[in-house]
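These notes concern the structure reproduced below.
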Protein chains: 2
Amino acid sequence: MAVTIRQISEACGVSRGTVDRVLNNRGKVRPETEAMVRREAARLGYRKNLAGQALAARKKNYTIGVLMLSEGVEFFDEVLAGIRQAESEIRDYGIHIEVVTMKGYHIEEQAERMREMSSRIHLLILHTVNDPRIAREIDCLEESGIPVITLNTDVEGCRRLCHVGCDFIKSGRTACGLLGLISPGGAQIGVATGTVLSLGHNQRISGFAQLCREHFSGFEIKDVIETLDDDETAYVQTKAMLSRHPELTAVYVVASGASGVCRAIKEAGRNLTVIANDRTPSVSRLTENGQIAAVIGQEPFQQGYKAVILAFQYLVGESRPEQEVWYMKNEILIRENLS
Amino acid sequence: MAVTIRQISEACGVSRGTVDRVLNNRGKVRPETEAMVRREAARLGYRKNLAGQALAARKKNYTIGVLMLSEGVEFFDEVLAGIRQAESEIRDYGIHIEVVTMKGYHIEEQAERMREMSSRIHLLILHTVNDPRIAREIDCLEESGIPVITLNTDVEGCRRLCHVGCDFIKSGRTACGLLGLISPGGAQIGVATGTVLSLGHNQRISGFAQLCREHFSGFEIKDVIETLDDDETAYVQTKAMLSRHPELTAVYVVASGASGVCRAIKEAGRNLTVIANDRTPSVSRLTENGQIAAVIGQEPFQQGYKAVILAFQYLVGESRPEQEVWYMKNEILIRENLS
DNA sequence: CTGAAAGCGCTTACAG
DNA sequence: CTGAAAGCGCTTACAG
């Protein structure tokens, strides 16, 4: 039989309330009493029963807020699916989720939205951009007792509770390592990034370049274009890159825009190895028909799921996440293990 | 506020016990009363609070049994780690786990062990071999009210609750698809399987061969050897295969024995593309130093974790798993995303 | 600084 | 066929 608070209280000859005060550091306990309770708890091997705790927590009616700059971005559909999955699990414990999505990158507008949500929520899961104004807003929330979990993209210089995302450097290294297997003889590479303003995109490129230097002396990055995460721009830019560089043998697509990139390659009648990031429906189709050789995924579903579970454990279990940063896996997806 | 049993009982003018009887199909309720309760539950959108249910379930003192033929097999260390992780989570709800591991494939001995454990457990997670005697034993347990979840390897023709493992066909197809990217010009392939008696090993090979036929006309399987999941045997057999087939360009290692295979290749001074299954510590080392090009993983940690979580949900949540078969992902692991 | 009591939502013997 | 009551383990306002 598992040890309960009642057993500790009986062993010590104090009330259960007192044991609770000690074990949850609520203060107002005589030092000797506290020491005795801690000793007995340790001796008996006490572990809190989460069911009891969760049931008691029902009275607080917790709500978790989710705010994402995700509207119109395919990638986030799977993140949202993970959030919904976790929601349906924690709903069974009486916890609610309020999801708000926004379109584009409007800093002030998002900050305003954060303030507005704060009155109704006990914790915020936030997908945003790495901007000092947002960092300040996060600190405000933290001060008013609402912890923030950053999702997918971290925010530097703020007191967020933790970050759930993926290791972008490793993502770039994985793309490069895979290209090394495909083209052991060397490669002339064009890089199609989203924007040079994105920290994540740049980290992927630098991971890729890093491994080129370490292991693949036959790899050369000949050009970097920006797709602005838009297929039309990607198409135009890729077309131009291909005519500038007839020697290209591979393209690394760092962010959105793979469809445009592939269209330009196809029209030019070139046979290039394309490695892309993030399995969206359109990227899946291109991989199935062979235009994309492989996709580096970042477990979007798990990202959403994990963020909510950490939030739940923090609120109900009163336990800070064990790690400050939670990275999901960098998956390699080809036609055969895509779905 | 979430809807509770109390609210339904008040809305219907019956006791909470009666609502419980209806909602959990315990019978002994007048049909009209039952209809009314169901109508109100649906109208109010009732969902069971798991915390309450789990707390009440504490009185049952559930124990989950785990029985595995895993001793001395590196692969299962990660499966066990997943089981331990899940254990530490559900222990917080007062559920216990008893793990028993055995060495080798002794059918009668394992059947005996199953019977012996059955007196102490409420559900069994079982890793075994696909044998009719085990199937019969599983049915016995099911009949005596102890459901069985098969882990990693399924058992045919029995009434197990569900299966947690991976899609071996897809695993073989993924290995082949990856080799297709590495060797677009074709490959002469040697296959090193564990034993031709293992259903899983055979499924991997047939998945591999399937895709050869569908997509890679330049691929030829020239030879199949058995490692008996043993490095020494693998070494000897590979050595013989290499001298029989000087034309080989690739080896697909289906089961354990990759170290032996690689040693033989190295000694022969041959430069072959090796694709292996399952990231064990020794396979990781060989991948890091480039002797293995890529590893197809089957998420061993997740397998163990998922099996326990399904068991927990079945016992405490009284909910049958939604699926009869739970497949983990087939991961592609190369040096850069190995750890 | 401490205790007694009520409550979170579900289940279960027991009485009728 | 149904209800009243106790209990699972933890937390919390209240009284002292």
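On a predicted model such as this, the values are computed, not experimentally measured, just so you know. To find a chain, count down the sequence lines: A is the first, B the second, and so on, and within it residues start at 1.
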Item to check | Salt bridge B:E142-B:R160, side-chain N to carboxylate O under 4.0 Å | outcome: no

Checklist entry - Quick one: does B:N61's side chain get under 4.5 Å of B:H96's, heavy atoms only? => result yes

Item to check | Whole angstrom value for the distance that separates P of C:dC8 from CZ of A:R58 | outcome: 9 Å

Checklist entry - Hey, are A:D92 and B:R47 close enough for a salt bridge, meaning a charged N less than 4.0 Å from a carboxylate O? => result yes

Item to check | Close approaches to DNA chain C from residues 8-30 of chain A, in residue order (heavy atom, under 4.0 Å) | outcome: A:G13, A:V14, A:S15, A:T18, A:R21, A:K28, A:V29, A:R30

Next on the checklist: Less than 4.0 angstrom between a side-chain N/O of B:T33 and OP1 or OP2 of D:dT2, yes or no?
Outcome noted: yes

Item to check | Any-strand Watson-Crick or G-U partner of D:dA4, both distances under 3.5 Å | outcome: none

Checklist entry - Going by atom types alone, do B:T101 and B:E71 pair a side-chain donor with an acceptor below 3.5 Å? => result yes

Item to check | Nearest-angstrom distance from the residue atom CE of B:M36 to P of D:dT2 | outcome: 8 Å

Checklist entry - Between atom CG in B:D92 and atom P in D:dC10, what is the gap in whole Å? => result 10 Å

Checklist entry - Any luck finding a side-chain donor-acceptor pair between A:Q298 and A:E331 under 3.5 Å? => result no

Next on the checklist: Just the rounded figure in Å: distance from P of C:dC8 to NZ of A:K60.
Outcome noted: 15 Å

Next on the checklist: From CG of B:L55 over to C1' of C:dT12, roughly how many Å is that when rounded to an integer?
Outcome noted: 14 Å

Next on the checklist: Is the shortest side-chain heavy-atom distance between B:H127 and B:L67 below 4.5 Å?
Outcome noted: no

Item to check | Distance, rounded to the nearest Å, where B:E34 contributes CD and D:dC1 contributes C1' | outcome: 12 Å

Item to check | Heavy-atom check, side chain of B:E299 versus side chain of B:E78, under 4.5 Å | outcome: no

Checklist entry - Whole-Å distance between D:dT11 P and A:R6 CZ? => result 15 Å

Checklist entry - Rounded to whole angstroms, how far apart are OH on A:Y62 and C1' on D:dC10? => result 13 Å

Checklist entry - Does D:dA13 have a Watson-Crick or wobble mate here (both distances under 3.5 Å), and if so which one? => result none

Item to check | Stepwise salt bridge (charged side-chain N to carboxylate O under 4.0 Å, His left out) check, B:E34 with B:R38 | outcome: CA-CA 6 Å; B:E34 166 159 358; B:R38 287 203 192 283; 3.0 Å; yes

Next on the checklist: Please confirm whether the shortest side-chain N or O distance from B:Q53 to OP1 or OP2 of C:dG9 is below 4.0 Å.
Outcome noted: no

Checklist outcome for this item: Ranking D:dG9, D:dT11, C:dC10 by distance to the side chain of B:A56, first place goes to C:dC10

Checklist outcome for this item: Here the residues of residues 41-48 of chain B within 4.0 Å heavy-atom distance, strictly under, of DNA chain C are B:Y46, B:K48

Next on the checklist: Does C:dG9 have OP1 or OP2 under 4.0 Å away from a side-chain N or O of A:K59?
Outcome noted: no

Checklist entry - Regarding A:E89 and A:Y305, is there a side-chain donor-to-acceptor distance under 3.5 Å anywhere? => result yes

